[in-house]
Amino acid sequence: MAKFRMEEMNDLNGTGRKRLYPRMEITGQVDLNKLAREISNDTTFTQGEVVGVVEALMKKIAQCIADGKSVKIEGIGMFTASLKLREGRQPEFADGQGSKRNAQSVVVGSVNFRPAKELLTEANRFFNPVRSTRKSRRSSSKYTSEQRLALALKFLEGQPFITVADYCRLTGLLHSTAAIELRKWAGMSGSGIGISGAGSHRVYVREER
């Protein structure tokens with residue numbers, strides 16, 4: 001049975017109230033062989049046939065998204081490639097200063113997945129959660145929002161960009177709260193924080209205040 005807990009998010013809007021949001025507790029992992037065994041038990045396919053089809057599907061999806069196509073599997077969802085720069089490559093800036101990145105500098109960094117409505121409907125048909133008794137994690141509140149901004153700006157004095165993970169380590173915020181706050185700084189004129197890139201390879205850079 002699935003378990004969830006309500007996690008606290010720091011108040012980023014100055015209302016004085018902290019929002020709680022549900023998060024699934026991951027209690028295990030199911031691999032391809034286990035899935036194949038279960039599918040085999042429910043169908044006329046052998047376990048090996050199921051594994052073979054899934055592996056062939058993976059390779060074909062990889063080829064299609066590498067060619068710049070999205071892959072839509074009805075009832076499951078859509079896959080698209082998300083790009084990033086190779087490790088060690090410096091970012092390219094919109095002001096035109098510095099190096100320009102060529103094709104050899106870019107790789108597929110991740111694959112975006114958007115679930116189909118049918119998959120969500122089917123998941124909710126089986127979903128019967130209970131609330132966990134484990135204590136919820138909280139974002140650190142040892143810094144004010146202004147102090148966190150100062151920490152980010154100080155970090156950017158020695159680094160070309162800051163990621164959400166960097167901001168988490170600096171401030172003690174949970175990942176979701178850190179991402180929201182960085183986007184808030186980037187959208188605030190005069191904060192000194194700007195955005196470079198998009199999607200999974202979005203980073204935050206220093207801007208003139």
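Residues take their numbers from the sequence shown, with the count starting at 1.
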Nearest-0.5 Å distance that lies between atom OG1 in Thr44 and atom CD in Glu49: 7.5 Å
Euclidean distance, Ser70 OG relative to Met78 CE, rounded to 0.5 Å: 4.5 Å
Exceeds 12 heavy-atom contacts within 6.0 angstrom, atom CZ of Arg114: no
Ionic contact status for Lys34 with Glu38, cut-off 4.0 Å: yes
Closest non-hydrogen atom pair, Arg148 against Tyr143: NH1-O, 2.8 Å
Closest non-hydrogen atom pair between Ile195 and Ala186, with its separation: CG1-CB, 3.3 Å
Any donor-acceptor N/O pair, Arg37 side chain to Gln47 backbone, under 3.5 Å: no
Backbone of Ser110 reached by a side-chain donor or acceptor of Ser82 within 3.5 Å: no
Minimum heavy-atom distance Ser145-Trp185, with the two atoms named: O-CZ2, 3.2 Å
Modelled atom types, side-chain donor and acceptor of Asp166 and Thr163, under 3.5 Å: yes
Smallest separation among heavy atoms of Phe155 and Phe161, with atom names: CE2-O, 3.5 Å
Approximate separation, where rounding is to 0.5 Å, of Arg206 CZ and Ser191 OG: 10.0 Å
CZ/Phe4: more than 12 non-hydrogen atoms of other groups inside 6.0 Å: yes
Cluster check Leu83, Leu85: I/L/V/M/F/W/Y, side chain < 4.5 angstrom: yes
Other ILVMFWY residues reachable from Met1 by side-chain steps of under 4.5 Å: Val130
Minimal non-hydrogen separation, Cys168 against Ala178, with atom names: SG-CB, 3.6 Å
Connected hydrophobic set around Ile76, excluding itself, where side chains approach under 4.5 Å: Leu57, Ile61, Ile65, Val71, Ile73, Phe79, Val111, Phe113, Leu119
Audit row: Phe127, Met24, side chain to side chain contact (heavy atoms under 4.5 Å, CB included) steps and yes/no: CA-CA 11 Å; Phe127 192 52; Met24 182 83 83; 3.7 Å; yes
Rounded distance (nearest 0.5 Å) linking atom CG of Leu149 with atom OG1 of Thr171: 11.5 Å
Shortest non-hydrogen separation from Ile193 to Glu207 and the atoms involved: O-OE1, 3.8 Å
Verdict with supporting geometry, Val203 and Ile162, side chain to side chain contact (heavy atoms under 4.5 Å, CB included): CA-CA 6 Å; Val203 296; Ile162 185 171; over 6 Å; no
By salt bridge (Lys or Arg N to Asp or Glu O under 4.0 Å) - contacts of Glu157 (at least two apart): Lys154
Main-chain N/O of Arg23 paired with Arg5 side-chain donor or acceptor, under 3.5 Å: no
Stepwise side chain to side chain contact (heavy atoms under 4.5 Å, CB included) check, Glu118 with Glu74: CA-CA 8 Å; Glu118 296 90 336; Glu74 283 73 10; 5.9 Å; no
